[in-house]
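The next block holds one structure in the form of C-alpha cells; read it before the comments.
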Amino acid sequence: MSIYDGLNERQLEGVYQTEGPVLLLAGAGSGKTRVLTHRIVYLIEEKNVDPWSIMAITFTNKAAGEMRERVDQLVGYGSESIWVSTFHSTCVRILRRYIDRLGYDNNFTIYDTDDSKSVMKEICKKLQIDTKMLKERAILSAISSAKNENISATEFALQTVGDYQKQRISRAYMEYQEALRKNNALDFDDLLVKTVELFKTCPEVLQAYQKRFRYIMVDEYQDTNSVQFELIRLLADAHHNLCVVGDDDQSIYKFRGANIRNILDFEKVYPEAKVIKLEQNYRSTQNILDAANAVIANNRGRKEKKLWTTQGGGSLIHLRQFDTAYEEAEYIADDIAHKKKEQVLDYKDCAVLYRTNAQSRLLEERFVVEGIPYQLVGGVNFYARKEIKDLLAYLKTIDNGKDDLAVKRIINIPKRGIGATTIQKVQDYADAHEMSFYDALCIADRIDSIGRSAVKLTPFVTMIQVFRTKVKEYGISGLLRDILDTTGYIQTLEASDEEDAKDRIGNIDELLSKLVAYEEAHEEATLSGFLEEVALVADIDGVSEDDNKVLLMTLHSAKGLEFDYVYLAGMEEGLFPSYMTITSDDESEVEEERRLAYVGITRAKKDLTLTCAKQRMIRGETQYNDISRFVREIPVELLDNRPLGRKRYDSDFSILSDSGMSAFSFVERYQSMQAEKERSVPSGLSVNANRYDSDSFRSLQYHNRDTVFDLKKPKSRSGDTRLKDLYGISSGSSGVKSNFSGVSGLSKGAQIGSSSLNYVVGDRVKHMKYGEGTVLKLEKEPKDYKVTVSFDGAGTKIMYAGFAKLQKI
DNA sequence: CGTACTAGTCTTTTT
DNA sequence: GACTAGTACG
C-alpha cells in the first residue's frame, strides 16, 4: 500500500509530472494541497531530490506550516530544510542576506500600512499637497499599484507627462522611497520589488538561488501579482521546474494587485507547460457544488471547470431572511447553539463568513450573550493596536536607530515633556546635517536651537543605549520586561482612567508571551527576527484547529479553509456584492465579487446557510437591501424554503412560510410592493426642509436606531396629504428657503440650515456614493425628512435628507 | 506642553 | 457608529 494510492488519476499526474512547467488548475476542494505535499514527498523519496533544493510558496504562514507538517508526516525527515513560506517571508529572508548590495542595511525594518501613512503625511506637508484634494491613502494606493507592476519611482515619473495629478503622486512616490531608504525601512510591496531588483542588479545572487532551487511550487497562483510572477520567473529560469497551482475562479485579490492573467496566460509564457485540471471535489455535497457551479457560471472569461463529487446530494441550502441584522445574528447563534445541544456539530465545525469586518460586531455580541465560544479572525490586527505599536516602536528603536518613525513615536511615551516643537528642532538639525533623527538626539546638548529642552532628551538616549547593551544579557523577552519596568508603561496605563486599560494590559501580556514563545522556538532569537515575524503575520495565522471555537471571519480570510457548517451572513445587494462594485463602471468588479461568493459557498462541506437582513445599519445609516444576486443565481430547487422546526422562526418572512413560497416569489412580491408604493405617492410635491447642525443630527441618528421601519406597512403615509399641511411647514417652489419651528429637545437647538429639499417623489437624484436613483418616498420625521430612493445600482435605501445630500438631476 | 473637545472621514476585501 | 486628526484652551 503506497501513500499515493488515495489519489485519483489526475492528481497522480500532478504528482508525477515533476519536470518542466506545470499548471495545475485545481477547483475548490479538489485536493490540491494533497497533490502538492505528495509531489514534494515524491521528489524526495522517489527522485532523490535534496529537500534543500525544493521551494514552495504558499499564501499564508499557516498554510506553509501545515504543508511542512504534512510532508513531515509522510517523509519523516528533511522537511525542515524545504523552503516553504509566503512570498513576503521568502523575500525578507533573501533581503536580510543581500540587501546591503542595494544600499540598505541588512537589519532594515518593515513598515506596515500605518507607518507608511505617517511617512506619507509628512511628505504631503513637505510637498504642500492638499490632502483634502489628494488623500494620503490615494497616493499610497497609487504607489502600491505601481509597485505591484514593478514600476519604480523613476519609471513612474516618465509616465506622468501632461497629467498634473499624476505628477504630484510621482513627486510623492520619489520622496516616499527616499524617506524609506533614509529610515532603512521597506514597505510590504518593497519586499517583493527590492528582491526582484536585487536579482536583476546582482546576477551572481540570482544564480546562487537558481542553482539551489531546482523545484519550485506556487500555491494560490491566481492571486499573484506581476512582481511576484517576475520573481518566480527569475528563480525558475535555470531549471524550468515550476509547478503553479491555482483556480482562476478563486481569484479574489485584484484590489491588491493580483493579476488574473498570470494564471490565464501561463501557457503563453510557458508553451511547453503541462496543464492538469482537477475537477473532482472531495469536500462538499453535490447540492453545495451545484450551487457554486451555478453562481460562478455567470462569470465570463474563465477557464471552464465543473466540480463534481461522488458524494450524494446532501441537505438543501438554507436561506433565511430577517427583518434586521440583529435577528440575523441571533438566528445564526441560536442555530449553532441548538445544533451543538443536539450534538449535531461541534463549535469548531462552524464558520460564519461575511463580506466586511464591520459585520462581525453584531455576531460577536450575540455569541457572547449565548455563551458560544468563538474566535474572531481579522479586524484590527493585534500588532496594530496602540499599546503594542508603542512597545514595538521601542524594540525597533533599539534594533535599528535609523527608523525615525519608531523613535518619534516613543520619544514622548510615556510623557517626558518633549513636545512637537522640540521634535521639529531636532528634525531640522538632522535634515541640515544629513543624519538620522536618533543620531541628532544623541548630540542634542550640542544643538543650540534646542536649548534647555536638551535636558529632557539626554535621559531618553541614555535609556535606549542601556537597553542596547543589556539586550545581550537577558534576551528579548527580558528586554521587553525591562522596557515596561523602566518606562512605567503599565503603571501609566493603570493610572489613566481609560476604560480599556485592562484590555490593553492584557494585550501587553500577550505580547510578552509571544516573545517568550519566539525565544523558545528559535535558538538564535534576535530582535530583528521577532520584529520581522511580527510584521508578516496574517490574521489567519493565529487560528488553530485545536480550539473548539466557531470562527468568524471575512470571506477573504476564509480562502483555503473548509468547515462542515458554513454560514454566509449578509447576502444582500449593496453589501455583497458591495455597492462599490455595483456602481463601478468596470463590470469585472462584480465578477470578482462573484468569485468571492464562489469561494464562500465552496468552504462548506456538509451544510450551508445563507442569511440576509431587510434592514441593516451601516456606518450609522440604515440601509434596506434586496437579497443578493448571488443567492438568486442559485437554482431554487437547491434551496430550502421550509420553516425550521422551531416556532419562533415561522414568522420569518415569506420564504419561510408554509405556502412553499420560494425566495424568488418573495423577491417578486417585494418588487411589486415597491412599485405599488411608488404609485401611491403623489407627485408634484415640492418641499423645503431644513438642515440641522451636527448636534441635532446626532440625536436623529440615535432616534433612528430605535425606529423600526417597515417597507410593507409604512408608518406614516406621505400619501394624500401635503406635507406642509400635515406638519405645518412651509413649502413652495424649490429653492425657497424656509424656517421651521417646533423642534425641541435639542441642546443647541436646531439651527436653520441653508439647504433645502429641491426634489420631489419621482425625481431623479444623485447620491455621492450610491450614484443615481429615483425618489420613491418622502416622509416627515420629527427632525428631518426620511427619503426613500431606489438607486439604479445600489438598491433601495432609506436615508435622512439632511444627511444624504441628494442632488436633483 | 498637555488636555479635551470637535469635525471629518470612513472600509470592501489584506500580505 | 467608530475612529482619527486637528484645534482651542488651560
Side-chain angles (χ1 to χ4, degrees), chain A residues 57-64 85-92 110-114 117-118 121 131-132 135-137 141 144 147-148 186-192 220 223-225 227-228 251-258 353-359 361-362 377-381 383-384 386 412 414-423 453 456 496-497 535-541 553-559 570 574-584 589 592-593 595-596 599-600 616-622 693-695 697-698 700-702 704-705 748 768-769 803:
Chain A
I57 298 200
T58 57
F59 202 66
T60 61
N61 296 303
K62 184 172 184 272
S85 61
T86 65
F87 269 106
H88 293 266
S89 306
T90 301
C91 290
V92 171
I110 301 166
Y111 275 1
D112 65 19
T113 338
D114 279 350
K117 207 176 163 198
S118 309
K121 221 170 163 186
T131 50
K132 288 214 172 67
K135 300 206 172 52
E136 293 102 339
R137 282 185 64 122
S141 96
S144 177
K147 287 181 177 178
N148 286 327
L186 301 184
D187 67 17
F188 283 133
D189 302 316
D190 279 340
L191 296 174
L192 303 159
E220 306 284 10
D223 284 320
T224 53
N225 62 34
V227 205
Q228 288 168 336
S251 168
I252 54 171
Y253 280 103
K254 190 173 162 215
F255 70 92
R256 71 172 199 214
L353 312 180
Y354 37 79
R355 180 67 239 271
T356 68
N357 279 306
Q359 288 168 254
R361 219 194 82 232
L362 292 181
V377 179
V380 184
N381 190 306
Y383 294 103
K386 189 175 159 290
N412 199 31
K415 304 269 181 314
R416 298 185 179 89
I418 303 166
T421 351
T422 314
I423 291 173
S453 303
K456 294 171 184 164
S496 78
D497 47 359
L536 298 177
V537 288
D539 295 315
I540 199 72
D541 294 340
M553 67 186 124
T554 61
L555 288 150
H556 281 89
S557 297
K559 192 168 81 157
L575 185 63
F576 185 34
S578 77
Y579 66 81
M580 290 280 216
T581 58
I582 298 176
T583 53
S584 163
E589 299 218 351
E592 174 131 333
E593 297 271 305
R595 291 194 288 269
L596 199 51
V599 167
R616 182 182 300 274
M617 176 98 98
I618 294 172
R619 269 170 296 140
E621 196 175 27
T622 306
D693 64 16
S694 55
D695 248 27
F697 213 13
R698 217 138 267 163
L700 273 181
Q701 292 183 338
Y702 190 73
N704 188 0
R705 267 177 76 191
K748 285 195 177 172
M768 268 165 58
K769 283 183 301 194
F803 200 58

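Classification of the Phe59(A)-Tyr253(A) ring pair by plane angle, with boundaries at 30° and 60°, yields tilted.
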Can you give the dot-bracket line for DNA chain C, where a pair is Watson-Crick or G-U wobble with both atom distances under 3.5 Å, crossing pairs use [ ], and | marks a partner on another strand? ||||||||||
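When distances run from any side-chain atom of Ala538(A) to the nucleotides dT15(B), dT14(B), dT12(B), the shortest one goes to dT15(B). The side chain of Asn412(A) lies closest to dG2(B) when the candidates are dT15(B), dG2(B), dT14(B).
Within the 4.0 angstrom heavy-atom criterion, only backbone atoms of the sugar-phosphate kind lie near Lys121(A); the bases stay farther away. At a threshold of 4.0 angstrom between heavy atoms, the contacts of Thr422(A) are confined to the sugar-phosphate backbone, with no base atom among them. Residue contacts shown for Ser89(A) are absent, as no nucleic acid heavy atom lies under 4.0 Å away.
Comparing Thr421(A) and Thr113(A) against DNA chain B, the residue whose closest nucleotide sits nearer the 5' end is Thr421(A). With DNA chain B read from its 5' end, the first of the two nearest nucleotides for Gly417(A) and Thr86(A) is the one closest to Gly417(A).
A distance-only check finds a donor-acceptor pair linking the side chain of Asp223(A) to the backbone of Ile252(A) [under 3.5 Å].
When the P atom of dG2(B) is taken as reference, atom CD1 of Ile418(A) falls 9 Å away, rounded to whole Å. One atom, NZ of Lys559(A), and another, C1' of dT13(B), lie 12 Å apart when rounded to the nearest Å. With rounding to whole Å, Arg619(A) atom CZ is found 10 Å from dT9(B) atom C1'. When the P atom of dT3(B) is taken as reference, atom NZ of Lys415(A) falls 5 Å away, rounded to whole Å.
A stacked arrangement is assigned to Phe255(A) and the six-membered base ring of dT13(B), with a centre-to-centre distance below 5.5 Å and an interplanar angle below 30°.
Straight-line distance between the P atoms of dT4(C) and dT13(B): roughly 15 Å, to the nearest whole Å.
Taking Asp112(A) as the reference, Lys389(A) meet the salt bridge (charged side-chain N to carboxylate O under 4.0 Å, His left out) condition, with sequence neighbours excluded.
Not a single donor-acceptor pair, N or O on each side, falls under 3.5 Å between the base of dT15(B) and the side chain of Arg256(A).
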